[in-house]
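One structure is given here, and the rest of the page talks about it.
Every heavy atom of this structure was used, including side-chain atoms; hydrogens, water molecules and symmetry mates were not. Each residue takes its place number in the sequence, starting with 1.
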Amino acid sequence: MMNVEEEIKQIIDQVIELPRRDRTFILELLEHREWGVALEHFCAAVTQERIQITNELYKHIEVVSREMDMWDDIREELKDCSFR
């Protein structure tokens, strides 16, 4: 079984442009096992800050969110995201 917390940490570590306040908040959520909220917040921050992500990172987010049964919501959150 996938270690969702570690996977989300790997995801956020790939986005150096993520504002410190968002990174701190996401890590706090992970500490409290709020994995779904953490992933949703990450995706919202990426979209709001207009941070470009790689196709590989998008696929990683997809795999993790499918494991969490959240892909439909996450895909919707990332629909306006741009790629590099």
For R23 and I12, the nearest pair of non-hydrogen atoms, with its separation, is NH1-O, 3.1 Å

Between Y58 and L78, is there a side-chain heavy-atom distance shorter than 4.5 Å? yes

For C43 and E77 the tightest heavy-atom approach is CB-CG, 3.6 Å

Check your understanding: Any sub-3.5 Å donor-acceptor pair from S65's side-chain atoms to E62's backbone N or O?
Key -> yes

dist I8:CD1 -> M2:CE (nearest 0.5 Å) comes out at 10.0 Å

List the steps and the verdict of side chain to side chain contact (heavy atoms under 4.5 Å, CB included) for Q14 and I53. CA-CA 9 Å; Q14 294 182 54; I53 62 172; over 6 Å; no

Trace of the side chain to side chain contact (heavy atoms under 4.5 Å, CB included) decision for L27 with L30 | CA-CA 5 Å; L27 291 173; L30 293 176; 4.2 Å; yes

Here the pair of heavy atoms bringing L39 nearest to I11 is CD1-CD1, 4.5 Å

Of all heavy-atom pairs linking E28 and H32, the shortest is O-ND1, 2.8 Å

Using a 4.5 Å side-chain heavy-atom cut-off and chaining through intermediate ILVMFWY residues, the residues clustered with F25 come out as L29, V37

*asked:* Please determine whether salt bridge (Lys or Arg N to Asp or Glu O under 4.0 Å) holds for the pair E40 and R75, giving the CA-CA distance in whole Å, both sets of side-chain angles, and the decisive distance to 0.1 Å.
replied: CA-CA 10 Å; E40 286 176 335; R75 181 178 52 211; over 6 Å; no

Exercise. Taking only Lys NZ, Arg NE, NH1 and NH2, and the carboxylate oxygens of Asp or Glu, determine whether E49 and R20 approach each other closer than 4.0 Å.
Key: no

Taking every heavy atom of W35 against every heavy atom of E5, the minimum-distance pair comes out as NE1-CB, 3.4 Å

Whether over 12 other heavy atoms sit under 6.0 Å from N55 CG: yes

Distance col, row E31:CD vs I26:CD1, nearest 0.5 angstrom, shows 12.5 Å

To the nearest 0.5 Å, atom CG of L57 lies from atom CD of Q52 at 12.5 Å

Checking T47, D22, I61 against F42 for side chain to side chain contact (heavy atoms under 4.5 Å, CB included), the one that qualifies is I61

Distance col, row E56:CD vs K59:NZ, nearest 0.5 angstrom, shows 10.0 Å

